[in-house]
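Following: one structure in structure tokens, then a few remarks.
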Amino acid sequence: MRRYAPDAVEDNVLDRLFRAAVAAPSAHNRQPWRFVVVTEASPKQRIAEAMGAKLRADRLADGDTHGDVEADVARSRSRICEAPVLVFSFVTMEDMDAYPDAKRQAAEYQMSVQSTAMATQNLLVAAHAEGLGACIMCAPLFCSDAVTQVIGAPRNWTAQSLVTLGWPGIVRPPRERLPLSAVVWQLRSE
């Protein structure tokens with residue numbers, strides 16, 4: 001969902017979404033997720049500018065054409081600024097275990113990311129149950145420092161995703177999914 005009605009999403013609805021989000025399972029029950037909600041136009045514009053600047057720099061460094069890059073930046077800006085609600089998900093390692101070896105520390109970080117993703121999925125499912133439209137964007141992974149700085153989040157938070165939320169403006173049929181036979185494999189005894 002990328003087209004929303006301009007109507008605000010009530011605080012009590014957002015509260016239900018976050019209650020569902022934080023009910024997700026997490027590694028060691030440490031709940032390494034943090035969420036930032038943005039509903040006002042001015043912060044959305046600052047966020048869109050910061051993310052757009054990073055997108056522009058990366059795409060130009062890749063050798064993409066100026067016209068293609070600017071169209072991509074404009075599309076991103078529109079998605080961010082026109083959504084009634086932005087929800088940024090962050091992961092933090094502050095309460096997670098620390099290991100002396102890189103392999104276990106990487107696994108600990110991955111478990112934290114997975115936990116944050118599960119909480120974000122719960123938020124998306126709750127949004128659907130409320131009748132809201134939503135779209136998850138992983139763009140913050142490419143510009144985590146810019147997002148963290150503009151939002152004013154602690155430096156030990158790492159941006160994971162951006163969920164745009166709102167009441168549906170245009171309802172389209174769901175996109176086709178791969179058949180289960182393409183994604184589910186069942187191990188059977190011989």
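When all heavy atoms of Ala127 and Leu17 are compared, the closest pair comes out as N-CD2, 3.3 Å. What you find for Ala20 and Ala126 is that their closest heavy atoms are CB-CB, 3.6 Å. The two residues Pro32 and Met96 come nearest to each other via the heavy atoms CB-SD, 4.1 Å. Val38 and Pro43 get closest at one heavy-atom pair: CG1-CB, 3.8 Å. Minimum heavy-atom separation, Met51 to Ala139: CE-CB, 3.8 Å. The two residues Trp167 and Gly131 have their closest heavy-atom pair at CE3-O, 3.8 Å.
Leu162 has its side chain within reach of Ile80: a pair of non-hydrogen atoms, C-beta onward, lies under 4.5 Å apart. Side chains of Leu132 and Val13 form a contact here, defined as non-hydrogen atoms less than 4.5 Å apart. Taking 4.5 Å as the limit, every side-chain heavy atom of Arg30 sits out of range of all side-chain heavy atoms of Glu94. Val36 places none of its side-chain heavy atoms less than 4.5 Å from the side chain of Val87. Contact annotation: the side chain of Trp33 never approaches that of Ser89 to less than 4.5 Å [non-hydrogen atoms, C-beta and beyond]. The side-chain heavy atoms of Tyr4 and Val85, taken from C-beta on, include no pair separated by under 4.5 Å. Residues Leu86 and Val37 fail the side-chain proximity criterion, which asks for heavy atoms closer than 4.5 Å.
Side-chain atoms of Lys54 never come within 3.5 Å of backbone atoms of Asp145 as a donor-acceptor pair (strictly under, hydrogens ignored). The backbone N or O of Thr116 sits less than 3.5 Å from a side-chain atom of Thr120, completing a donor-acceptor pair. Checked by atom type and distance alone, the side chain of Ser115 never pairs as donor or acceptor with a backbone atom of Ser26 at under 3.5 Å.
The OG atom of Ser161 sits 7.5 Å away from the CG atom of Leu141 when rounded to the nearest 0.5 Å. Summarising the geometry, atom CG belonging to Leu55 is positioned 6.0 Å from atom OG belonging to Ser76; distances are rounded to the nearest 0.5 Å. Of the inter-residue distances, the one linking Arg56 atom CZ with Asp72 atom CG reads 10.0 Å to the nearest 0.5 angstrom. Here the CG atom belonging to Leu165 is positioned 6.0 Å from the CG atom belonging to Leu123, to the nearest 0.5 angstrom. Taking CZ from Arg79 and CE from Met137, the interatomic distance works out to 6.0 Å, rounded to the nearest 0.5 Å.
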Taking it one step at a time, do Ser144 and Thr158 satisfy side-chain hydrogen bond (donor to acceptor under 3.5 Å, both in side chains)? CA-CA 6 Å; Ser144 184; Thr158 305; 5.0 Å; no
Going through the distances and angles, do Phe18 and Phe35 end up as a ring pair (Phe, Tyr, Trp, His ring centres under 6.0 Å)? CA-CA 9 Å; Phe18 288 108; Phe35 297 98; 5.5 Å; yes
Test log, rule salt bridge (Lys or Arg N to Asp or Glu O under 4.0 Å), inputs Glu82 and Lys44: CA-CA 9 Å; Glu82 293 176 10; Lys44 286 181 200 175; over 6 Å; no
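Partners of His128 according to the side-chain contact (heavy atoms from CB on, under 4.5 Å) rule, which considers only residues two or more places apart in sequence or in another chain, do not exist here. Under the side chain to side chain donor-acceptor pair (under 3.5 Å) criterion, Asp7 pairs with no residue, sequence neighbours left out.
Counting non-hydrogen atoms of other residues, nucleotides and ligands closer than 6.0 Å to CZ of Arg59 gives a total above 12. At most 12 heavy atoms of other shown residues, nucleotides or ligands fall within 6.0 angstrom of atom CZ in Phe142. Under a cut-off of 6.0 angstrom, the local environment of CG in Asp11 is sparse, with at most 12 non-hydrogen atoms contributed by other residues, nucleotides or ligands. The number of heavy-atom neighbours closer than 6.0 Å to CD of Glu40, taken from other residues, nucleotides and ligands shown, is 12 or below.
The residues Arg104 and Asp101 are annotated as salt-bridged, a charged nitrogen and a carboxylate oxygen being separated by less than 4.0 angstrom.
Cluster annotation: Val22 and Val9 are assigned to the same hydrophobic cluster (Ile/Leu/Val/Met/Phe/Trp/Tyr, side-chain heavy-atom contacts under 4.5 Å, transitive).
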Tell me which donor-acceptor pairs under 3.5 Å the side chains of residues 106-114 have, and how far apart each pair is, sequence neighbours excluded?
from, atom 1, to, atom 2, distance (Å)
Glu108, OE1, His28, NE2, 3.1
Glu108, OE2, His28, NE2, 2.9
Glu108, OE2, Asp97, N, 2.9
Ser112, OG, Glu108, O, 3.1

